[in-house]
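Below: one structure, written as structure tokens.
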Amino acid sequence: MTLVSPATDLLTFPTGFLWGAATAAYQIEGAVREDGRTPSIWDTFSHTPGKVHAGDTGDQACDHYHRFPEDVALMAELGLQAYRFSISWSRVQPTGRGPAVERGLDFYRRLTDRLLEAGIQPVATLYHWDLPQDLEDLGGWPARETAERFGEYAALAAEALGDRVAVWTTLNEPWCSAFLGYGSGVHAPGRTDPRDALRAAHHLNLGHGRAVAALRAGLPSSARIAVSLNLHQVRPLTESAADQDAARRIDAVGNRIFTGPMLHGGYPADLRADTAHLVDWDELVQPGDEAAIGAPIDLLGINYYTPTLVSAAAPGTAPGEAARNDAHGASDFSPWPGSEQVQFHLPPGDTTAMGWAIDPSGLYDLITRTSRDNPGLALLITENGAAFEDVLTPEGEVHDAERIAYLQSHLAAVHRAIADGADVRGYFLWSLLDNFEWAYGYAKRFGAVYVDYPSQQRTPKASAHWYGRAARRNAIPEA
């Protein structure tokens, strides 16, 4: 496949490649008490002292709920072709049950209408971590009933927005929802039970299956359905048998716990064996569950930031200490049930402001492996980006050359994977805006657009203009 323009030597992408940016509802919307919205687990978690840096909350965030016309105009100005946003479940269905609140849906109707008027394709994600608190009080994702409620919510969203939105994502990074929310406790709801984490993973999978069925029933046949997974590109520290087994374990509980039932017919036997002391899989997985979870999807979303380097831990290493360099936040509790004695290591090389190694080869390896394991399944890069120490100059500019270099190298990895046969249909930069970065509060900036939180003024960074040129040219420009 020839993907280099002979006239310019630029790395060009296939015709129709989709250039977008992504956000999440709780990170940007604000307006947490308006138009019928009730608290989600992230409202509760962020208002709990000691859970979020500096006591930050998403109460106002980027005020996108009121400023979305300005934000859509920015996207159009930058030349973006698509915008991936998430829908706040508790804005649409405040208790997670019953009829929809039309005022909540109206916001997403207005947003999608404005996007379409600007020539920007809306891509909706049903769940980006903000479970209604009422459902958490009834057991949360470790309770099977939550999966059933998620299917009902998906049907409501499809009915309201199916005439406007052609691409839907069920879940964003269910690994984080299950294992950071219920395992290590560094994300909402902050629980630390490995058994509940595994139960949550299964019910997130089942909720995905229920949502796929509801979307298929409620959307036009032309609609495309996806799920976005933060697949871990796992590498053993050495070629020793012990380190190879450590990598296998993390691949099982970090990746194949989702790709197994979603794409390959069921949970892998080694995962079940690794975690049999924690859950009875035969009791947890009821007849028909794996078939429901495996409902066909049209696109698989890949979220990638940094590779994962592991070895066997030294005897007696505490689980929290072993997992300390896993790039998912520090806790005394491991988010890796069945793999508590796997040691994580910082990969070599330069890092972002998150302390994450910058390694585009991990993205290339992840794409090509996923493509090889799932022939015929189209892929989207639904998140990729980096946080750096951005500074707004007195002249009102942000010179983020490090982010441009990061994007340039990772887009080149995507380009290389496509040239080697992977069917990658698009790339979504994380993130459109600086925003509430979960437990890090407002201390980390991932955005292409700088947000001054007190004034809510938006300033496109140098990387935003660079990325806009990439979108317009369908090619990777020089830095």
Side-chain angles (χ1 to χ4, degrees), residues 50-51 53 142 173-201 229-260 267-268 270-279 281 303-349 351-359 362 365-366 438-440:
K51 296 297 186 181
H53 173 79
E173 299 187 353
W175 186 89
C176 295
S177 297
F179 296 106
L180 302 184
Y182 296 93
S184 67
V186 299
H187 278 191
R191 288 158 61 178
T192 55
D193 186 330
R195 297 166 183 83
D196 277 348
L198 290 164
R199 294 186 187 103
L229 304 178
N230 59 314
L231 297 174
H232 298 79
Q233 180 54 34
V234 187
R235 295 167 172 168
L237 183 65
T238 74
E239 295 303 310
S240 71
D243 288 1
Q244 295 272 11
D245 188 64
R248 177 202 62 76
R249 284 176 175 269
I250 298 306
D251 182 55
V253 76
N255 297 330
R256 291 182 286 117
I257 193 170
F258 299 107
T259 59
Y267 289 101
D270 62 329
L271 169 74
R272 286 179 175 244
D274 291 344
T275 56
H277 62 295
L278 296 170
V279 296
W281 284 94
N303 295 358
Y304 172 85
Y305 293 94
T306 190
T308 301
L309 185 63
V310 299
S311 70
T317 304
E321 181 60 34
R324 196 159 301 278
N325 291 321
D326 72 351
H328 293 299
S331 170
D332 291 335
F333 300 89
S334 172
W336 304 98
S339 304
E340 290 84 356
Q341 292 305 308
V342 171
Q343 181 82 48
F344 289 78
H345 301 269
L346 292 174
T351 61
T352 69
M354 298 290 287
W356 298 346
I358 300 171
D359 188 345
D365 291 344
L366 189 57
W438 308 114
Y440 293 95

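Computed over heavy atoms, backbone and side chain alike; hydrogens, waters and symmetry mates excluded.
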- line: Minimal heavy-atom distance between Gly316 and Gln341, with the atoms involved, is N-OE1, 4.4 Å
Can you name the side chain to side chain contact (heavy atoms under 4.5 Å, CB included) partners of [X], sequence neighbours left out?
X	value
Ala246	Val310, Val342
His345	Leu237, Leu309, Ser311, Gln343
Ser331	Ser184, Val186, Phe333
Ala353	Ala387, Glu389

- prompt: What salt bridge (charged side-chain N to carboxylate O under 4.0 Å, His left out) pairs are there with at least one residue in residues 305-319, not counting sequence neighbours?
  reply: none
task: Any pair with a residue in residues 321-333 that passes salt bridge (charged side-chain N to carboxylate O under 4.0 Å, His left out), sequence neighbours left out, goes on the list, sorted by first then second residue, please.
output: Glu321-Arg324
query: How about Leu180 and Trp438: do any of their side-chain heavy atoms sit closer than 4.5 Å?
result: no
query: Can you find a pair of side-chain heavy atoms, one from Leu198 and one from Phe179, that are under 4.5 Å apart?
result: yes
task: Using atom types as modelled and distance alone, determine if a side-chain donor or acceptor of Glu239 lies under 3.5 Å from a backbone N or O of Gln244.
output: no
Using a 3.5 Å cut-off and no angle test, enumerate the donor-acceptor pairs between side-chain atoms of residues 251-260 and protein atoms at least two apart in sequence or in another chain.
residue	atom	partner	partner atom	Å
Asp251	OD1	Asn255	ND2	2.8
Asp251	OD1	Arg369	NH1	2.9
Asp251	OD1	Arg369	NH2	3.2
Asp251	OD2	Arg256	NE	2.7
Asp251	OD2	Arg369	NH2	3.1
Asn255	OD1	His232	N	2.6
Asn255	ND2	His232	O	2.8
Arg256	NH1	Asp270	OD1	2.9
Arg256	NH1	Asp270	OD2	3.3
Arg256	NH2	Arg248	O	3.4
Arg256	NH2	Asp270	OD2	2.7
Thr259	OG1	Asn255	O	3.4

Counterpart residues, side-chain hydrogen bond (donor to acceptor under 3.5 Å, both in side chains), relative to [X] (two or more places apart):
X	answer
Arg191	Glu136, Asp196
Glu173	Asn303
Asp359	Arg235, Ser361
Thr238	Ser240, Asp243

